[in-house]
There are 2 protein chains.
Amino acid sequence: MTSAPGSPGDVLTLISAGSATTRSDLARLTGLARSTISQRVDALIERGLVSETGSGESTGGRPPRQLRLHTADHAFAGVDLGATHCRIALMDISGDVLAECEDPLLIAEGPETVLAHVDERLDGLLAEAGHPRAALKAIGMGVPGPVEFATGRPNNPPIMPGWNDYPIPEHFAGCAVLVDNDVNVMALGEHRNAYPGADHLLFVKIGTGIGCGIVAEGKLHRGAQGSAGDIGHIRVSGHEEAGCRCGNSACLEAVAGGAAVARRLTELGTPAESGAEVVALVQAGNTQALRLVREAGRLIGEVLAGLVNFFNPEVIVIGGALSRVHEHLLAGIKETVYRRSLPLATHHLSIVPSRTGINAAALGAGILAIENYLSPENINRIVNA
Amino acid sequence: MTSAPGSPGDVLTLISAGSATTRSDLARLTGLARSTISQRVDALIERGLVSETGSGESTGGRPPRQLRLHTADHAFAGVDLGATHCRIALMDISGDVLAECEDPLLIAEGPETVLAHVDERLDGLLAEAGHPRAALKAIGMGVPGPVEFATGRPNNPPIMPGWNDYPIPEHFAGCAVLVDNDVNVMALGEHRNAYPGADHLLFVKIGTGIGCGIVAEGKLHRGAQGSAGDIGHIRVSGHEEAGCRCGNSACLEAVAGGAAVARRLTELGTPAESGAEVVALVQAGNTQALRLVREAGRLIGEVLAGLVNFFNPEVIVIGGALSRVHEHLLAGIKETVYRRSLPLATHHLSIVPSRTGINAAALGAGILAIENYLSPENINRIVNA
DNA sequence: CTACTTCCGCCGATAATCAAACAAAGATCT
DNA sequence: AGATCTTTGTTTGATTATCGGCGGAAGTAG
């Protein structure tokens, strides 16, 4: 055959995606002979990548043996490094969480300190899950700043002093390390877990700052310099007075980020220090906080309306700290987007709160690691070794 | 081998892209044995897809025989339908223009009339180039409105009365027809002709309206509903008074499009009816027109600055009627983009005028047709037939 | 003119894939 | 319950694709 989509890696991809759970499925989907598929599957089983899990339902004949990813013997880590925290999820190859942990950790302490902490926690989680260190096949990591994805080096990150150009993967020997911006891994996690069928998705994180992860054709769009999605410094109209830390004025982040809302609330007589405190006030029923959050939603919506026209996504997911009061935030966002975007683009557009919640980044980072390990090229390499 | 990138279609893709011009090149690039490559190339030659064109330079031994796409026996058409014109380029398989034509033609006359006209012109061009009708393998078409690309049906196009949901491909029997938005095909043409190495490119067309074609990872991004790139209705700050035909106000198109500039110029006492007249005034040295064009550039730049932060392109190409005075337009655009976008995103960003000029759309449409024909799947189908 | 290099086609050996026969395991019919 | 049917999975010999080496072709370098 010519464009045969049937290498061992492709077979495993189909199993992994859930598109095929039996040998017959695989034969049908790939167009290869049943015997060839059996041989491929045997190779994958021998390598410990696939296992048989009993029989399925008969459809009138012999019941097929079910195939699944072999969850033992492999472990993957998703690491979420924030400005002040570190969350790690240890996952098996199918993406289920085996163990997780969360600590306060200042990223400003620099790469050596922080990564040593991560390493220690990884050992703990592996022990907890009963895996030897060698079982850890890949690590995904989300960091709060721009990263050159190909090399895993932070690229002039504003809030990660000491990390610029630091080669993070070299800190972990013997296992692949994928480093990306935190919003990107959140977008990936949300897409894979909640909207796997959507071709184009935006994940908007509204915390202290505002960022956006872009999934185009099912893959992360990182842009030419890996800085795509940095929507926090897009200009919004009518707020020329708001100065931003980036040096410009009227940036989205400077008028609708968690810090900005807290500041405006303070100016109006209700003291608030951070986005978290704003959330608490809203949850306590403070109408002024509520009004400001809704107004922030409108401003974010103004920017998103433009991006909807430009990018035409299928789903926009709202996440981050402020999304914990998403009813009010979403109301403002939707109101503006549906008013300012073109009908063709909004007709099938969903704007929804994040489903993966607080662990979005760690889970997404783990998925990044798993998908890298399960890529056809890597699997073919393993099987042929 | 396992993930063998070496089907006949892939081999042809390498030849077509200019990545390989000899059998040795192909063997090196694909990793296949020289004998296998020879066999593949023979099959392609036999099918009339590739031809040998003399010997190349020797590097110390026998000189390699050069391989090229076989330009005879195949013809492709790129059709550019505008509101009031029809341009067609007849191209060979390598993208060279064999014949072209241009007529005034009102798209509002409806699909039957317009497509009959196209068909007639196609016969004329084929005759001019000495090709039988059967040589026409595929037609690419750019139209001034949104299109459902998969089916070639216009999707509620505002300025194409009678075309909504009309199945354009069915009008041309026996040959593949690819229909897309005009800005998309312009972006494709500019990318392939002038910036083939750029991963991410935006083509901004500034005419009566304003639109944008998006190339992401070398491929057109059309969005969920095929409406991506519709940036003409993104809001710009400080122009709430400007009403737009879309029903909103302060749309980019309503303040910086060719029609808008002409209107403002008229208000200032210099009568102008269209973008073309504005261009003429600028070229004649009218300082008021010049100032307004530059101001339009600033407004466009404001929107583009946001898109640069979001999408992080490598190249932004400015085309369309108003770009004929691109010095002034570009000055305004660059000024604002470099001021309002993040340094990381602008560091390696080029903002340049279109190189393909008036024929951008027809050429891009032809490339769309050729690439569809040269897709590995299609070539494998042909070779295995 | 003679070595040396590179390119290319031929050909037997090797490896991948297939199709068909066969065995297994359950459903269905009588 | 037993025979038959249906679907799954394995085995096997045949077919096909690919490889790697050999030799001729067509140049360069000394």
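Just so it is clear: chains get the letters A, B, ... in the order the sequence lines come, proteins before strands, and each one is counted from 1. Heavy atoms only: backbone and side chains are in, while hydrogens, waters and symmetry mates are out.
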Would you say the side chains of B:Thr151 and B:Glu148 form a donor-acceptor pair under 3.5 Å?
yes
Nearest whole Å is fine: how far is C:dT17 P from A:Ile37 CD1?
10 Å
Quick one, A:Ile168 and A:His171 - any side-chain contact, counting heavy atoms below 4.5 Å?
no
Tell me: CZ of B:Arg65 to P of D:dA25, nearest whole Å?
12 Å
Short side-chain N/O contact to D:dT8 OP1/OP2 from A:Ser24, under 4.0 Å:
yes
By the 4.0 Å heavy-atom rule, please label B:Ser35 as base, sugar-phosphate, or nothing.
base
Looking at side-chain heavy atoms only, is the closest gap between A:Pro8 and A:Val11 below 4.5 Å?
no
Nearest-nucleotide 5' precedence on DNA chain D, A:Asp42 against A:Thr59:
A:Thr59
Are B:Asn384 and B:Asn380 close enough that a side-chain donor and a side-chain acceptor fall under 3.5 Å?
no
A:Thr13 side chain vs A:Gly9 backbone, donor-acceptor pair below 3.5 Å:
yes
Of A:Gly60 and A:Ala33, whose nearest nucleotide on DNA chain C comes first from the 5' end?
A:Ala33
Where the side chain of B:Arg62 is defined as all heavy atoms beyond and including C-beta, which of C:dA27, D:dA26, C:dA23 is the nearest nucleotide?
D:dA26
Ranking A:Pro63 and A:Gln39 by the position along DNA chain C of their nearest nucleotide, the one closer to 5' is A:Gln39
When the distance from CD of B:Glu52 to P of D:dA26 is rounded to whole Å, what number comes out?
12 Å
Tell me the interatomic distance from A:Leu32, atom CG, to D:dT10, atom P, rounded to whole angstroms.
16 Å
Does any donor-acceptor pair link the side chain of A:Arg34 with the base of D:dG9 at a separation under 3.5 Å?
yes
Can you tell me how far P of C:dA25 sits from CD of A:Glu57, to the nearest Å?
17 Å
Please give, in whole Å, the distance from C:dG9 P to B:Ile45 CD1?
8 Å
Side-chain contact check for A:Thr36: nearest option of D:dG27, C:dC18, C:dC8 is C:dC18
If only side-chain N and O atoms of A:Arg23 are considered, is one of them under 4.0 Å from the OP1 or OP2 phosphate oxygen of D:dT10?
yes
Taking D:dC19, D:dT8, C:dC8 as options, the one with an atom nearest any side-chain atom of B:Ser38 is C:dC8
